[in-house]
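Contents: one structure, followed by commentary.
The figures that follow rest on heavy atoms only: side chains count, while hydrogens, waters and symmetry mates do not. Note that ligands are numbered from 1 as they come in the structure, with each ligand's atoms numbered from 1 the same way.
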Amino acid sequence: MSPTPPPFPASTVLGYPRIGPRRELKRALESYWEGRSTRAELERVGAGLREATWRRLAELSLEGLPSNTFSLYDQVLDTAVLLGAVPERYLAAGDPYFAMARGTEGLAPLRMTKWFDTNYHYIVPEIGPETVFKLDASKPLAEVREARALGYGTRPVVLGPVTFLLLADPSGAALDRLDEVLACYEELLAALAAEGVAWVQLDEPALVADRTPRELATAGAAYDRLGSAAARPGLFVATYFGDPGEALPVLAATPVEAIGVDLVRGGAAALPELPGKTVVAGVVSGRDVWRTPPGRALAALAGVRADRVTVSTSCSLLHVPYDVEAERDLDPGLRGRLAFAEQKVAEVVALSSALPSVPAGEGPRGAAVPSAPLTAPVPREGRSPYPVRAAAQAEHLRLPVLPTTTIGSFPQTGELRAARAAVAAGALEPDAYERLVEAEIERVIRLQERLGLDVLVHGEPERNDMVQYFAEHLDGFAVTRNGWVQSYGSRCTRPPILHGDVSRPGPITVRWASYAQSLTSRPVKGMLTGPVTIVAWSFVRDDLPLRDVVLQVADAVREEVRDLEAAGVSIIQVDEPALRELLPLRRASQPEYLEWSVSAYRRATSGAGDRTQIHTHLCYSDAGEILAAIDGLDADVTTIESARSGARILGAVGGFGRGLGPGVYDIHSPRVPDAGEVEDLLRATLRALPAERVWVNPDCGLKTRAYEEVEASLGNVVEAARRLRAELTDAGR
Ligand code: MET
Ligand SMILES: [Zn+2]
């Protein structure tokens, strides 16, 4: 039996941002990837960031410092390396770690997908019959030693075995390999104990989703086994992103000494008594940017019945920016209501060290003024049934069969990005910038005409980002200067802060869309981001139900749709790529979410007349769970990613009774598909769907590609559509 661990520290965080307060890691990574610096230089930047983090957490008087929360790319990939699950084919690459993450010339990367309901992406571990699990504990051990050399004792954080295997294969099939994986974890625990580590944190967020009885029993057995290891640190199993529900009694029955619960998103009220355990109580949210109301946190802490309570964050702080103090331009009233990672650590410390003297009276969070109640009735659906609309649109638009189009953005030129930065810095007149945008629109229109596309776009050159651009033009949002959050690898986003009631002071996109339309006789499609996506990719006020916030945004989008239509734009695309991201982790809550999110979309789009064709776009092929909802959006045309997954999606969407454009050009790769390949994909589509419903388009926007690739690829897409169109017309004669 292992000796009793020392008491768990009174305050901690489950993890911390790692990209660097000025995105130092991003720059170091990109410079290494481009061959401008060495691996050793990259490691030095990493070490500097880790040291700065530990130093800062210690300065803030946090007691329990985590380690191994740093990663050069992704913590799930790190876990695969820890367990030896590196597929053979990467071993020969110059740098197998980054080969798995990003691919090489001849080698595709491992798959990447979204981390639970966040916008962070992890690398999906690949486990096959040939996988031989073998511990490589060098990274966690090195971080423990590195911290100790600096004078800090730390608690290594490692993804837990159950979640690791469920992420590798959501069907649960990989759990068959649990015994082999647990052997590695036992070895790891022994190595950490030998290193003098007092506590280890094993993250098990997968336990907050619906789990089968078999999966729960497996989790219980796993922690029984790890708990009975002869030599080990104290075991802290962290659940987060929701209520662990039935997983909690399962964990409580195992020998683990500490259990983490998310009391922000989980059911604080329903927390069972956990005698003999330490509860690491996540009362400071790691998913929002608001100050913690002390009353709420204290009430949640008071509800915990356990041997010992530690104050913590609800999840890792990876999902919030570093420091509010860096936001000099924010309205001071708003700034006073915000807490980024540093401020959240201070809150954790304050809550733990002197529960009664927590800084109180900082005013309400969320809206500064009472929000406008949603009294406006849901607008009556203005549109006729699809067959009526379709006839009106066909008459008005006169498009050929198999119409070709794109998803909206064209490559963003360095010149435009630089010009935008210059405007922000006051070095370029807004007028001059607008001329540049117009010149780019004209170039994109001419290019599309030359390529022979049927429905044109203006190319979105005025948008830095499909959400931030709208946030900048709507009331109720603020944008930050430095509020970067890691999305994957070196990629970061700067989510806008939706802090008040949303309204649209004036038209946003109309001038660009109508300028583009004025240049051509072909229809130009107006481009909007949908209400769910705008909210999903922002930090959102939490004093109103999410549904009401989304409806406010829907009303703003609805006004923009109306104005576009009035300006003569006859096709309007309202993108909802984040529809699936907000899907609740528990099935019981999913129908309600899908109901209101779909109705928000319809609220945004139903003001359009029958003649106006509404498009929507979703970019993932694993749409399986939400197909009925996608159909429920009732868009006239839906474009969806599918080039890589071949015909897989086609069977599922065959039942849609309206226009559908399964992508035929994989924009995630620099490869130019030839016309023959595109033709094959289209033939597969035509076997699944009637020709009159099929649209021809790429998988997603072209923003991240180079002009040469895009020109060549779209040329081949148009060519393939023409060949098939000719066949169809011949056959019809
Ligand atoms: C992530 S979906 C992107 C849609 C957007 N209209 C674009 O083309 O960039
Ligand atoms: Zn997309």
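Geometrically, Arg287 engages Phe241 in a cation-pi contact, judged by NZ or CZ lying under 6.0 Å from the ring centre and within 45° of the ring axis.
For the pair Arg541/Val549, a side-chain contact is recorded, criterion being any heavy-atom separation below 4.5 Å from C-beta on. Between Asn716 and Val672, the closest side-chain pair of non-hydrogen atoms falls below 4.5 Å.
Counting the atoms of ligand 1 from 1 in the order shown, those under 4.0 Å from a heavy atom of Asp575 are 4 (C), 5 (C), 6 (N). For ligand 1, the atoms closer than 4.0 angstrom to any heavy atom of Glu460 are 5 (C), 6 (N), 7 (C), 8 (O), 9 (O). Atoms of ligand 1 found under 4.0 Å from any heavy atom of Cys700 (numbered from 1 in listed order, with element): 1 (C), 2 (S), 3 (C). Numbered from 1 in the order shown, with element, the atoms of ligand 1 that lie under 4.0 Å from a heavy atom of His617 read 2 (S), 4 (C).
The atom name of the N/O/S atom in His617 closest to the Zn ion (ligand 2) is NE2.
When heavy-atom distances to ligand 1 are checked against a 4.0 Å cut-off, Ser409 comes that close through both its backbone and its side chain.
With distances taken over non-hydrogen atoms, the option nearest atom 1 (C) of ligand 1 out of Gly701, Gly408, Cys619 is Cys619.
One finds a salt bridge joining Arg511 and Glu438 here, because a Lys/Arg side-chain nitrogen approaches an Asp/Glu carboxylate oxygen to under 4.0 Å.
Among protein heavy atoms, atom 3 (C) of ligand 1 sits closest to Met466 SD, 3.6 Å.
If you put the vertex on the Zn ion (ligand 2), SG of Cys700 and SG of Cys619 sit 120° apart, to the nearest 10°.
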Practice problem: Starting from the C-alpha separation in whole Å, work towards a yes-or-no answer on side chain to side chain donor-acceptor pair (under 3.5 Å) for Tyr665 and Glu709. | Solution: CA-CA 11 Å; Tyr665 158 28; Glu709 296 155 21; 5.1 Å; no
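Annotation for Ala471 and Phe477: closest pair O-CB, 3.4 Å, computed over non-hydrogen atoms.
A tilted orientation is assigned to the rings of His473 and Tyr469, their planes being inclined by 30° to 60°.
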